[in-house]
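First comes the structure, then the notes that go with it.
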Number of protein chains: 2
Amino acid sequence: MSDGRRPGSDDRKRRSPAPPGTHAAVAVAVDVVPFALREGRLHAALIGVRATEESRLFAFPGGRVQPEESLDVAARRCLERHVPSEGRFLEQLYAFGEPGRDPGSRVVSVAYLALLPRADDADGVHWYPCDDLPPLAYDHGAVADKALERLQGKLAYTNIAFGLLEDGFTLADLQRVYEAVLGRGLDRRNFRKKVLALELVQPLGRVRHGPHRPAELFGFTERALVTVETLLTKKG
Amino acid sequence: MSDGRRPGSDDRKRRSPAPPGTHAAVAVAVDVVPFALREGRLHAALIGVRATEESRLFAFPGGRVQPEESLDVAARRCLERHVPSEGRFLEQLYAFGEPGRDPGSRVVSVAYLALLPRADDADGVHWYPCDDLPPLAYDHGAVADKALERLQGKLAYTNIAFGLLEDGFTLADLQRVYEAVLGRGLDRRNFRKKVLALELVQPLGRVRHGPHRPAELFGFTERALVTVETLLTKKG
DNA sequence: CTCTGGTCGTGTACAAACTACACAACCAGG
DNA sequence: CCTGGTTGTGTAGTTTGTACACGACCAGAG
């Protein structure tokens, strides 16, 4: 693994612009995994990339990082180009850089996790349930796994799930979000106790009417994304 | 944020090799934050990058990613070039890509977190206590913050701290690791109960002699890195 | 108007986990 | 033989998590 230079020499010189003629062969891209709820199930937004003879192939929205933009900006740009939304949550997920992940060229892709309050349809966008994704191009299968893993993990100790809701939700709505992401049921009474005790939501003073007892509507409190001690336990 | 192409068009074309003459202006590097314990305090390994008139400047070991190597391999190569060790733990941390982070050229750097069982001295390597780091080049101040944050966070629900120890440690040694990383004391008896209950360590049948009662020596169990329910609580 | 289905909202008993804390065992060295 | 400093163990009290039942309330059917 040595490059032949003397030990202790400063590796920083490699950061200088490459000499003329030897341009860097590694490109940088971003990919965004957009999650949203549809009919109580967690869905991800995909773009069709090409149709082989017998099967279509999908990938997450993404693109090259421009020389003057940051990774975060590039991710938001790529997200908004395909998926129109007012997503509040966009967080870096992981950098994928295996040499063979993109056939033909060497691309290091920084993946992002995006949470949207609604799964709006748009031109070229396909929403698929997370537990039934179509064949994915590149290494986007691994990207999807990582995204879901991160979302589930952060669910337990942050209020990240609120990125999948808009103000004016009922506690039952919120619970459905948790159940959809975790893939298991929660006890309604214990879940309610826990959420209210942490004071992450505040009643709006309005109610939602339906064929049943009216449900109180809630909104988020001031803090946008907090790391709480334990927002969730085994049974909610 | 539109690039003028029709909506829904496939952004994937950007992944193809750049046309001749228009080479990608964004380079990819890795930086490794190596942590180890020295005299009961958490230290990080730094490399001197340049000496200005009145002050030296340091940075974490790093370098450009080679066209044929993966990010993980590049990180291990850069770590081992500077810091000789048999580090068991090396994990991707975060990708830093602000346009201005590296003066002169656009470099996206994928940072890695490394844990070493010992803080060995080597040519060109400087070990500094984490709570008293010297001035850092680039955005390595933010990198250091992120690394420490990750380490502290994972301490609570994984056995990541074991990367800072070698087999043949006492439970007091292990506790000192936790206290050094967290920066606070833990209750000896509760800590011992917790660690033993999780069966992450196994007695080696040997003891360490000293001027006091002999201490039993432990090693790690088979599983290398596990995510435990709650390895740590407030008082250990 | 009454009935009914289905949801909303609350409280209580039990079990498990966390926290605080004290004492004897043991060795090296004086 | 005594002493200092560490290792090793257990118990009581508090907090947190878990399981579970019942009345309140509305819309719609009859």
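A note on names: the letters A, B, ... follow the listed sequences, proteins ahead of strands, and every chain is numbered from 1.
In this structure, A/Tyr157 and B/Tyr157 have tilted ring planes: the angle between them lies in the 30° to 60° band. Below 30°, between 30° and 60°, or above 60°: for B/Phe162 and B/Phe169 the angle between ring planes is between 30° and 60°, a tilted geometry.
Contact check of residues 186-193 of chain B against DNA chain C (heavy atom, cut-off under 4.0 Å) returns B/Asp187, B/Arg189, B/Asn190, B/Lys193. The stretch residues 201-217 of chain A comes close to DNA chain D through A/Gly210, A/Pro211, A/His212, A/Arg213, A/Pro214, each having a heavy atom under 4.0 Å from the strand.
For B/Thr233, a side-chain nitrogen or oxygen approaches OP1 or OP2 of C/dT19 to under 4.0 Å.
For the 3.5 Å distance criterion, the side chains of A/Tyr112 and A/Asp72 qualify, holding a donor opposite an acceptor.
With respect to B/Glu166 and B/Arg118, a salt bridge is recorded, a charged nitrogen being found less than 4.0 Å from a carboxylate O. A salt bridge is defined here as a Lys NZ or Arg NE, NH1 or NH2 lying under 4.0 Å from an Asp or Glu carboxylate O, and A/Arg41 with A/Asp132 fails to meet this definition. A salt bridge links A/Glu91 to A/Arg150: one of the charged nitrogens lies within less than 4.0 Å of a carboxylate oxygen.
Comparing B/Thr170 and B/Lys234 against DNA chain D, the residue whose closest nucleotide sits nearer the 5' end is B/Thr170. Between B/Phe218 and A/Lys235, the one whose closest nucleotide on DNA chain D sits nearer the 5' end is B/Phe218.
Atom NZ of A/Lys194 is separated from atom P of C/dT10 by 18 Å (rounded to the nearest Å). Counting to the nearest Å, the P atom of D/dT7 and the CG atom of B/Leu174 are 13 Å from each other.
Among residues at least two apart or in separate chains, ring-ring contact (aromatic ring centres under 6.0 Å, His included) pairs with a member in residues 175-198 of chain A are A/Tyr178-A/Phe191.
Considering all non-hydrogen atoms of both residues, A/Pro134 and A/Tyr128 come closest at CD-CG, 3.5 Å.
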